[in-house]
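Structure first, then comments.
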Amino acid sequence: MSWAQSVTQCIQSGGVLTSVEDLDESNFLIKHADLYASKTSGFWIGIYRNVNGQLLWQDNSALDFVNWGDGQPSGDELAFCVELSAATGYWSVLPCSSQKGFICKKPKIHSFLCTFYLFTDTKKDNAVGHLNMWILLTLVLIILLGVGFMVYFLFKIKTRSGTGREGSTQLQYSRALTAGNNGTDATNDKENNEHSVV
């Protein structure tokens, strides 16, 4: 994001671009910024030059500590913004339209304690997150369709098996009835034979 977009984002989250008040705070930021070095080369911080040419922090804290890189700041231009290098921790002047991550500082309820937020380009992070979400939804849909087809085919197979059993049961009853008629005829023949012998 540009410096102006970063300022807006920090204000919307209830903070400001960070100020760096001493070496301990600088080391803390360098340590945590290094974790994001693969995503961005640097982070906007809240130092700027006002119309009178004075360097100020966005949160109005005193500018007692600086950590400029070699040859920085360069020139007397009024419109410049300051980046904290993710790799070295040194500050350098860049055009304010450059695309960088940013560090917000948000005061906590307790005095003198601050929360830092490290941000990289949220559009890239959101794009990756959206892609992962679509992949996950596609996989879930494929699994649900597979389970649905399995249930459908198992139901069809079970229904066909049940129909086959009923048919064989009917066939057995049919044979029994036929055998019963044949048995009755055989009994009648025996009775006829007995009557004739007597």
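The structure displayed is predicted, hence computed values, not measured ones.
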So [Y] and [X], do their side chains get closer than 4.5 Å, heavy atoms only?
X     : Y     : result
Gln58 : Ser19 : no
Tyr48 : Val82 : no
Leu55 : Val66 : no
Asp70 : Tyr90 : no

Quick one: [atom1] on [X] to [atom2] on [Y], what's the gap to the nearest 0.5 Å?
X      : Y      : atom1 : atom2 : answer
Ser41  : Gln99  : OG    : CD    : 11.0 Å
Cys10  : Phe102 : SG    : CZ    : 5.0 Å
Leu29  : Phe43  : CG    : CZ    : 9.5 Å
Ile11  : Leu17  : CD1   : CG    : 8.0 Å
Tyr152 : Ile157 : OH    : CD1   : 11.0 Å
Ser97  : Gln5   : OG    : CD    : 10.0 Å

Practice prompt. Give a yes or no answer on whether the side chain of Asp59 reaches the backbone of Val16 with a donor-acceptor pair at less than 3.5 Å.
Written response: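 Judged by distance alone, no pair lies under 3.5 Å.
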Discussion item. For the backbone of Leu84 and the side chain of Trp44, can you confirm whether one donor and one acceptor N or O come within less than 3.5 Å of each other?
Written reply: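 Between the backbone of Leu84 and the side chain of Trp44 there is no qualifying donor-acceptor contact (under 3.5 Å).
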Nearest heavy atoms of [X] and [Y], plus distance in Å:
X      : Y     : value
Glu83  : Gly42 : OE2-CA, 3.1 Å
Gly101 : Thr40 : N-OG1, 3.4 Å
Thr88  : Ile30 : O-CD1, 4.1 Å
Asn67  : Gly89 : ND2-O, 3.0 Å

Item to complete: Indicate the ring-plane relationship of Phe149 and Phe153, choosing parallel, tilted or perpendicular according to the 30° and 60° boundaries.
Response: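 Judged by the thresholds at 30° and 60°, the geometry between Phe149 and Phe153 is parallel.
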Item to complete: Report yes or no: do Lys106 and Ser13 form a side-chain donor-acceptor pair below 3.5 Å?
Response: no
Worksheet item: Going by distance alone, is a donor N or O of one side chain under 3.5 Å from an acceptor N or O of the other, for Ser92 and Gln72?
Response: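 Judged by distance alone, the side chains do not pair up.
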Worksheet, complete the sentence: Sorted by chain and number, sequence neighbours left out, side chain to side chain donor-acceptor pair (under 3.5 Å) with Gln12 holds for none
Worksheet entry | Set of residues satisfying ring-ring contact (aromatic ring centres under 6.0 Å, His included) with respect to Trp91, sequence neighbours excluded | Trp57, Trp68
Practice prompt. Return the set of residues passing side chain to side chain contact (heavy atoms under 4.5 Å, CB included) with Asp22 (not counting sequence neighbours), or none when no residue passes.
Written response: Asp24, Glu25
Worksheet item: Do the side chains of Val147 and Leu139 join up, straight or via other hydrophobic residues, at under 4.5 Å, putting them in one cluster?
Response: no
Discussion item. Hydrophobic clustering (ILVMFWY, side-chain heavy atoms < 4.5 Å, transitive) - are Leu23 and Ile103 grouped together?
Written reply: yes
